[in-house]
Structure formats: C-alpha cells, structure tokens
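One structure below.
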Number of protein chains: 4
Amino acid sequence: MSKPTMIKKISAADIEAGLLALPGWMHEDDKLYREFGFADFSRAFGFMAAAAIQAQAMNHHPEWFNVYATVKVWLTTHDAGGITQRDLDLAAVMNALFKPE
Amino acid sequence: MSKPTMIKKISAADIEAGLLALPGWMHEDDKLYREFGFADFSRAFGFMAAAAIQAQAMNHHPEWFNVYATVKVWLTTHDAGGITQRDLDLAAVMNALFKPE
Amino acid sequence: MSKPTMIKKISAADIEAGLLALPGWMHEDDKLYREFGFADFSRAFGFMAAAAIQAQAMNHHPEWFNVYATVKVWLTTHDAGGITQRDLDLAAVMNALFKPE
Amino acid sequence: MSKPTMIKKISAADIEAGLLALPGWMHEDDKLYREFGFADFSRAFGFMAAAAIQAQAMNHHPEWFNVYATVKVWLTTHDAGGITQRDLDLAAVMNALFKPE
C-alpha cells in the first residue's frame, strides 16, 4: 500500500495518446473527466461501490459527484500537480466496470 | 415504508410457476436460493450494494453470504413463515441487476 | 414507494427553523448544504452506502460529491423547485448516520 | 497488490494471544468468527462497504453473512490452510470500523 515515491505528471501528448484507449473520457482543466449514466440510482451506486473498492486498492481516489443515475468523475494526482499514469489506470478500471444497460 | 399487513405464503405450485421466470433460482428448504458468480470481489460487492438499495426500498431483505467473487442468496419472508410474492419480486430484482462478465 | 403528489417548497423561515435541529447544515443557493469529514476513504464511502440505502427508501436522492475522506451534500427537491420537508428529513437521516471519529 | 509468497498458519497459542486484543472474536472451526449487530440494515451494509474497501486493499477477503442488521464474519487464509496474521489484521480493521449505536 506504500505510494510510489516518484509519480510524475505526464505530457499533454501522452494524455491524448492514453485517452485513445479510454472512450468517454476527456482532458479538461488538467484533469481527466467522464460522466457515466445508469438506468437508476441503485445501479449508479453499485458502480461507485465497485470502483471505490478498486480505487482504494490502487491507493488512488477519484473526485466524483452523483445525483440519481449520473456519476461524474474527475481524476488528477494531487501529489504530482496534474495527470499521471495512475489517473489513466483508474479511468481504465472504471471503464471496465461500466456496464451500460 | 409501512409493511403490507397481510402477506401470505404462496403454494409450492405458485413457487414453481414463479421460478420459470427466474433463471438460476431454486426452491430449497422453503427458501428461494441462488448463487451468483462474478469476475472479482469488487464486482460482487457492487452487485450487493445495488441490491441492498433496492431491497431496502422494497422493505424486504435477503439472507446473503459473500466470499470473494461469490454471492449466495436465500429469500424467505419471516413474517409469513415461508416464501411469498415478495421473495419472487426480490429474486427478479437481483436477476435484473446481475450482469455476468 | 409512490411519491406524494403534492410536495411544496417551504418558506425561508421554516427552513431556518428546521436547520436549528440540523447541526452542520446550511441554507445556500436554495439548497441545504453540509460537508462531512471522515477519518479515511473507507469510512466516507461506508457512510455514503448507508445513506444511499436510506435515501432510496425515502425516494429522495442527494446531490453529493466525494473525494477521499470528504463528502459534500446538497439537498433540494427538483419536483418542487426548492427545499421541501423531504430535504429536511434526508438531512436528519444523514446526521443520524454520521459518526465522527 | 501482489501477495506475500509465504504466509504461514499461526499457532493456537498465538491465535489466543491475538484474540486478547480483539473483543468479540472467537476461535472456532479453525477460523476467526465474530457477529456484529447494528441498529438497522443501512448501518449494517455501510459497515460492510467500509470493510470491503479495506479488505480489498489488504488483498484479504472475509467470508461474511448478512441478514437485516446482523453481519457474521469468518476469517481464514485459504492459501495457508488456517488462521494467519492476515486474519488477525482484518479482524482488527473490522473492530475499528464497528461503531455500535
């Protein structure tokens, strides 16, 4: 569970390259951003529970907002002052968990 | 959130008829039983979170067991001393939430 | 689970009166707002899971934001165009669930 | 997230010593066992959500059963064929999360 001691911001070009494999995610205000839509609140929160479990195990936590069936997520690495590989990794985990109806 | 005052056990024939629309569920020891399998623990628990939210809103709660990627569920209505329509309804809700990989 | 057909905005005076029993909540931008702080992410999310279960059973859902150990909540009733008794009720439920370390 | 390659069963004496610091837990059928009781289902499940997040991060998962406000937990380390330090650690995490009403 120890953090890597050196985690570095990645370049805008590397972010854009990473986003090619991350449908739905955008690079916005120096964060990765995606909005997920579900059939109802229970499914939205079930997704959040699964993502919370994986996020903690990655020792990397999302900024996220929920109302009813919508979940908005922003990813950034505060320790690095911007987007890092960890954000791309967590975005990929969330996409893998997302099962639209 | 008030409970219906009269909830009655249903007949074995009605249970069997109900189970025709509930793949994976069995009638065992006067309960409905199903085992759900997932790709990993996070997905198993995400399913449980979604089901928990719907179960509480139905004012009907499962007996359930989890270890890693497996969730076993038993449904019965204690107030009625056996299986009722509520159990069939909660089984249907769980099947609708279940998205095998 | 049917919605009351008539749910009405309450007056600013009634909101202020209600807030007297709701430590931590504020009236801001025609919503009720509170920020909850926890010891860590797991406790913040555990609180959200409990609140999600109760919110769905009340058929009333929060707008909420989480990052790590912080949960920010905004309550309003979209159908009524402002704050209603339901918002005061959900705020009370959340306060009852909140166990600071 | 890699598992320690060597995780060993601990002796009955070490288990008993460990249990001294773990109120509520028992040594039963070569597992650690505890039953947790809550005020209601939402609180029981909120506890499970927090514990699930910490368990995954420890790469160690409980066997647990829930019905309404009761959560029963059995801890063992399958890879080691019995109780290990990891079980004592997860038991301590769960006790720390448990806030009886």
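Model, not experiment: these values are computed from the prediction. Reminder, nothing fancy here: chain letters follow the sequence lines and each chain counts from 1.
Taking non-hydrogen atoms and a 4.5 Å limit, the residue list of residues 15-46 of chain B in contact with chain D, ordered by number, reads B/F41, B/F45.
No more than 12 heavy atoms of other residues, nucleotides or ligands lie within 6.0 Å of NZ in D/K8, so this atom counts as exposed by the packing criterion.
D/Q56 CD to B/Y68 OH: the interatomic distance, rounded to the nearest 0.5 Å, is 6.5 Å.
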